[in-house]
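In what follows, a single structure is set out as structure tokens and then discussed.
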Amino acid sequence: MKLSVPTTTCTFLTGILLCVIQVEVSAQTPHGWRGPDRNRTYPETGLLKEWPAEGPELLWETLDAGKGYSSPVIVDGKLYLTGMNEDETREIFSAYTLDGKKLYETVYGSPWKDTYPETRITPAIESNKAYVISGSGEIVCINTKNGEIIWAVDGGTLFERKTRTWGTSECPLLFDNKLIYTPGGDQTMMIALNPQNGEVIWKSPALGEHGSYVSPLLINHNGKKQIIAAGGEHVFGVNTENGNIEWKFEDWGKKQGEKIAPNTPIYKDGKLFFSFGYNMGSFQLQLNNEATDCAVTWRNDDFDTHIGGYVLVDGILYGSNWINNNQGNWIAVDWETGETKYDTAWSRGKSKGSIITADGRLYCYDERRGAVGLVNPTPEKFDVISEFRITKGEGPHWAHPVINNGVLYMRHGTALMAYKIKE
């Protein structure tokens, strides 16, 4: 059910910056979480429009990735991935050739020691350096040529990180010679580090709340860059130059008590879309011209994404919703109006999951049974063209798919597989 609420506003916190030209392209590194624009859209062409009954051709697979939910990053003919070591006491960064041969692995940090400790940090890579954040909040820079650690900062301790059930689960945001981390707590909400040496560039004011599980997004709104992030109580916008929090918004939806935010928002035409699962529903915010305030344009209680994210294709939002931790439907919602177009189960007991898009198709990954679906993005129905199943690996199928140079990369725990999806 869509609820239109056009009058709710965000809190105005700081001054304004007037610009006149809206720019959609962000300047974050293209090699990291959610693809080159951090929106799960991969700029591939010529991909298969349907798959054989048994699925696309398996090029290679490996079972030595280490336990984890993170996604691979492919740069300059190498694949990089995080996981856990054999005794599951440390997080590792691994490099592979593009035919699946492991070149090295580097121990870099400590996993979260409570619920779901598996590694979940997709690295950000730039100029032969990889940047990772462990489940315990350690921020580490690694030389991708040889795996040597260049610098490390214990961000969890140094910035007095405050977290809840699942520790730190934030992929680094890297742009304009800044590395962003959101520790939360009473010292600061967000920090920017110098990626060359790990030194602090700025610290935002504290909001007195725990950090969440959202990887922040860099936007360019009317020529003004801003970082969009979420904590335990607010979504907010941060000035990229000095760390000031320029607006914040706390009326997420109907859920009472702890708010759990696991999904990076989508930005388009001055509007931001957020959906966080656990019966919180979703909402769209319209930024003012200066990105110092915002108003709710619509809410939708059906679009209730758990941890699988969402994509925007031709004016329609696609993703899955949360019924419970084991169940969820697939859903389409109009970007402009918030109207639900469909809300339907995937056949034969398949559940909610993660989603990406490329070359006019959706790629959906069922987290319960490991089905991978090639889906036609139409608002009329959940139109599955082809599907196959991931059978190797263990645990929930939470790693998000990645497409690079005509290859679909799928990860399930210790298993990593590469499929040919281009003729």
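Predicted model only: the values in this text are computed from it and were never measured.
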Report yes if some heavy atom in the side chain of Phe93 is under 4.5 Å from a heavy atom in the side chain of Ile149; otherwise report no.
no

Asp186 side chain reached by Glu160 side chain, heavy atoms, under 4.5 Å:
no

Counting distance only, does the side-chain N/O of Ser71 pair as donor-acceptor with the main-chain N or O of His400 below 3.5 Å?
yes

Kindly indicate, with the supporting measurements, whether the criterion side chain to side chain contact (heavy atoms under 4.5 Å, CB included) is fulfilled by Thr292 and Trp247.
CA-CA 5 Å; Thr292 55; Trp247 60 267; 5.7 Å; no

Euclidean distance, Leu272 CG relative to Leu287 CG, rounded to 0.5 Å:
5.0 Å

Taking the side chain as everything from C-beta on, heavy atoms only, tell me whether Phe159 gets closer than 4.5 Å to Val200.
yes

Between atom CH2 of Trp346 and atom CG of Asn329, what is the distance when rounded to the nearest 0.5 Å?
12.5 Å

Side chains of Pro216 and Tyr181, heavy atoms from C-beta outward: is any pair under 4.5 Å?
no

Is any NZ, NE, NH1 or NH2 atom of the basic residue among Lys341 and Glu339 found under 4.0 Å from an Asp or Glu carboxylate oxygen of the other?
yes

Do Thr297 and Gln286 have a side chain donor and acceptor closer than 3.5 Å?
no

What pair of heavy atoms forms the shortest contact from Ala65 to Ile92, and how long is it?
O-CD1, 4.4 Å

Do the non-hydrogen side-chain atoms of Lys420 and Pro56 ever get within less than 4.5 Å of each other?
no

Heavy atoms of Leu47 and Gly406 approach each other most closely as CD2-CA, 4.0 Å

Derivation and outcome, side chain to side chain contact (heavy atoms under 4.5 Å, CB included), residues Asn194 and Asn177:
CA-CA 6 Å; Asn194 185 330; Asn177 209 33; 4.0 Å; yes

Between Lys350 and Glu387, does any side-chain N to carboxylate O distance fall below 4.0 Å?
yes

Would you find a donor on one side and an acceptor on the other, under 3.5 Å apart, between the side chain of Ser212 and the backbone of Ala261?
yes

Keeping Asn263 on the side-chain end and Thr305 on the backbone end, is there a donor-acceptor pair under 3.5 Å?
yes

If you apply the rule ring-ring contact (aromatic ring centres under 6.0 Å, His included), what do you find for Phe303 with Phe273, and how did you get there?
CA-CA 11 Å; Phe303 208 119; Phe273 174 78; 5.2 Å; yes

Can you measure from OG1 (Thr163) to OH (Tyr213) and round to the nearest 0.5 angstrom?
4.5 Å

Would you please test Lys178 and Glu241 for side chain to side chain contact (heavy atoms under 4.5 Å, CB included) and show each step?
CA-CA 10 Å; Lys178 296 181 182 74; Glu241 296 301 317; 4.1 Å; yes

With a 4.5 Å heavy-atom cut-off, do Val333 and Trp298 have their side chains touching?
yes

Working note: Tyr363 + Tyr42, criterion ring-ring contact (aromatic ring centres under 6.0 Å, His included); need CA distance, chi angles, decisive distance, verdict.
CA-CA 11 Å; Tyr363 295 75; Tyr42 290 84; 8.8 Å; no

Keeping Arg38 on the side-chain end and Gly32 on the backbone end, is there a donor-acceptor pair under 3.5 Å?
no

Please answer whether the main-chain N or O of Ser275 pairs with a side-chain N or O of Ser282 as donor and acceptor at a distance below 3.5 Å.
no

Answer yes or no: are there more than 12 heavy-atom neighbours, outside Asn197 itself, under 6.0 Å from its atom CG?
yes

How close do Pro401 and Tyr365 get, counting heavy atoms only, and between which atoms?
CG-CB, 4.0 Å

Quick check for you: to the nearest 0.5 Å, what is the distance between Tyr419 atom OH and Ile390 atom CD1?
3.5 Å

So which atom in Val73 and which in Pro123 form the shortest heavy-atom distance, rounded to 0.1 Å?
CG2-O, 3.4 Å

Once you round to the nearest 0.5 Å, how far does CD of Glu44 lie from CG of Asn405?
6.5 Å

Okay, side chain of Glu126, backbone of Leu174: is any donor-acceptor separation there less than 3.5 Å?
no

Closest heavy-atom pair, Asn242 versus Asn244, reported as atoms and distance to 0.1 Å, is OD1-N, 2.9 Å

One should read off an interatomic distance between Ile121 CD1 and Tyr108 OH, to the nearest 0.5 angstrom, of 6.5 Å

Going by the angle between their ring planes, with limits at 30° and 60°, are His397 and His412 parallel, tilted or perpendicular?
parallel

I'd like to know if the side chain of Asp304 and the backbone of Ile323 have a donor-acceptor N/O pair within less than 3.5 Å.
no

More than 12 heavy atoms from other groups under 6.0 Å of NZ on Lys102
yes

Can you check whether Ala130's main-chain N or O pairs, donor with acceptor, with Thr144's side chain at less than 3.5 Å?
no

Are Arg361 and Asn376 packed together at the side-chain level, in the sense that at least one heavy-atom pair is separated by less than 4.5 angstrom?
yes

Any sub-3.5 Å donor-acceptor pair from Glu367's side-chain atoms to Ser354's backbone N or O?
no

Not counting sequence neighbours, list each pair that qualifies as a side-chain hydrogen bond (donor to acceptor under 3.5 Å, both in side chains) and has a residue in residues 73-88.
Lys67-Glu88, Ser70-Thr82, Asn85-Asp87, Asn85-Thr89, Asp87-Thr89

Go through the steps to decide whether Trp398 and Tyr116 satisfy the test ring-ring contact (aromatic ring centres under 6.0 Å, His included), and finish with yes or no.
CA-CA 11 Å; Trp398 282 343; Tyr116 295 108; 5.0 Å; yes

Parallel, tilted or perpendicular, as decided by the 30° and 60° cut-offs, for the rings of Trp252 and Phe276
tilted

If you count the non-hydrogen atoms of other residues, nucleotides and ligands that lie under 6.0 Å from OH in Tyr342, is the total more than 12?
yes

Can you give me the closest heavy-atom contact between Ile316 and Ala332, atom names plus distance?
CG2-CB, 3.8 Å

Do Asp293 and Asn288 have side-chain atoms, one donor and one acceptor, less than 3.5 Å apart?
no

Under a plain distance cut-off of 3.5 Å, with no hydrogens placed, do Thr182 and Glu170 share a side-chain donor-acceptor pair?
yes

Derivation of the ring-ring contact (aromatic ring centres under 6.0 Å, His included) call for His234 and Phe249:
CA-CA 5 Å; His234 296 89; Phe249 175 78; 8.9 Å; no

Within the side chain of Ser136, is there an N or O that forms a donor-acceptor pair under 3.5 Å with the backbone of Glu138?
no

Would you indicate whether the side-chain heavy atoms of Cys364 and Phe382 approach each other to under 4.5 Å?
yes

Strictly below 4.0 Å, N to O, side chains only: are Lys224 and Glu246 in salt-bridge contact?
yes

Does Leu218 form a side chain to side chain contact (heavy atoms under 4.5 Å, CB included) with Lys225? I'd like the steps, not just the answer.
CA-CA 7 Å; Leu218 179 70; Lys225 291 181 182 179; 4.2 Å; yes

